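What follows is a set of notes on a single structure, which appears directly below.
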Amino acid sequence: MEPVSLDNLSILYQSADFIVVNKHWDVRIDSKMWYEKLTLQSQLKHRFPELADPDTYYGFRFCHQLDFSTSGALCVALNKAAAGSAYKCFKERMVTKAYLALVRGHVQEAKLTIEYAIGKNTTEGMTHMMCIEGTEGRTHQLRVHCSAVGHPIVGDFTYSLKTDGGPFRMMLHAYYLRIPTAKELVEVSAPDPFVPTLDSHWMPQQTVHRLDDLIQHLKEKSAWAEGTGSEADGPQNPEAPQEVETPETEEQGTQCREWLAEWAPE
């Protein structure tokens, strides 16, 4: 991708209720620091000044988060009702997301399920990081899990313990996003940036799975779950570990209710 600027915001999807952008890898979603003028928030205000909501702190309601150094599909709700419907999809685990990552080492497995819990790292000097033990949390989930199995993401300075600073970016990209809200289906793919035509440093040598086939499988799995009301009713791989439902804690329930109260329609 070309260097980030105020003008080069890439739009993947737009409707009356949502915008999905292809976030640049070198820009924060928002910032409270006075010297950080170039953010996704400022790009949106520059491109769509008429859509900025003065009643929100950031001007736009971001439905989810991407790290500063992660690129790809990011959904923005344009009103409270849309934000509430998107959050409901996230809360009920109806959202489908697929990421692309280049990792260090030689990955032997064609498919790998990682089930480590994630919690805050309490080690002195590492409190800005997450780890695979402790209380549950989802911050930096993919980065932590890749590092935990011995294949840190290329360019991840934090989870390589500050050793991987050579690449021009962290090679993590939010490729596919599907949010089946009650009013509309938001479904987009952000172009794969890890191809020779866009990045001459990357030259694939062997294909284990075709990307298009994997995304089609995700689409079919999501559609089946929506049609039956549960993924458990659909065809399953008996060798794959089954997900165990974790009861929602009182604190999580309170946070959800507060979020919905904030974004609920007036």
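Worth saying up front: this structure is predicted, and the values here are computed from it rather than measured.
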>> In this structure, would M171 and W25 fall into the same cluster of hydrophobic residues linked by side-chain contacts under 4.5 Å?
In response: yes

>> Using every non-hydrogen atom in the two residues, find where C89 and P180 come nearest and quote the distance to one decimal.
In response: SG-O, 3.4 Å

> Can you find a pair of side-chain heavy atoms, one from H173 and one from Y99, that are under 4.5 Å apart?
Replying inline: no

>> With a 4.0 Å cut-off on N to O distance, would you call R61 and D53 a salt bridge?
In response: yes

Pairs of donor and acceptor atoms involving the side chains of residues 182-191, under 3.5 Å and at least two apart or interchain, shall be tabulated with distances.
residue	atom	partner	partner atom	Å
K183	NZ	D17	OD2	3.1
E184	OE1	Y13	OH	2.3
E184	OE1	S15	OG	3.1
E184	OE2	S15	OG	3.2
E187	OE2	Y176	OH	2.5

>> For F18, run the side chain to side chain contact (heavy atoms under 4.5 Å, CB included) check against V76, T181, I179 and tell me which one passes.
In response: T181

>> Would a single hydrophobic cluster contain both L74 and L172, if residues Ile, Leu, Val, Met, Phe, Trp and Tyr are joined by side-chain heavy-atom contacts under 4.5 Å?
In response: yes

> Atom CD1 in I29, atom NE2 in H64: separation rounded to 0.5 Å?
Replying inline: 8.0 Å

> So, Q43 side chain and S5 main chain: donor-acceptor pair closer than 3.5 Å or not?
Replying inline: yes

> Distance-only, no hydrogens or angles: does the S69 side chain make a donor-acceptor pair with backbone N or O of M170 under 3.5 Å?
Replying inline: no

>> On a heavy-atom basis, which atom in V4 and which in H24 lie closest, and how many Å separate them?
In response: N-NE2, 3.4 Å

> Can you tell me how far the NE2 atom of H217 sits from the CG atom of L214, to the nearest 0.5 Å?
Replying inline: 8.0 Å

>> Under the rule for side-chain contact (heavy atoms from CB on, under 4.5 Å), what residues qualify as partners of L78, not counting sequence neighbours?
In response: I19, L51, F60

>> Hydrogens and angles aside, do S31 and T39 bring a side-chain donor and acceptor to less than 3.5 Å of each other?
In response: no

>> Is it true that, when you exclude H46 itself, more than 12 heavy atoms of the residues, nucleotides or ligands shown sit nearer than 6.0 Å to its NE2?
In response: yes

> Quick one: salt bridge (Lys or Arg N to Asp or Glu O under 4.0 Å) partners of E109, sequence neighbours excluded?
Replying inline: none

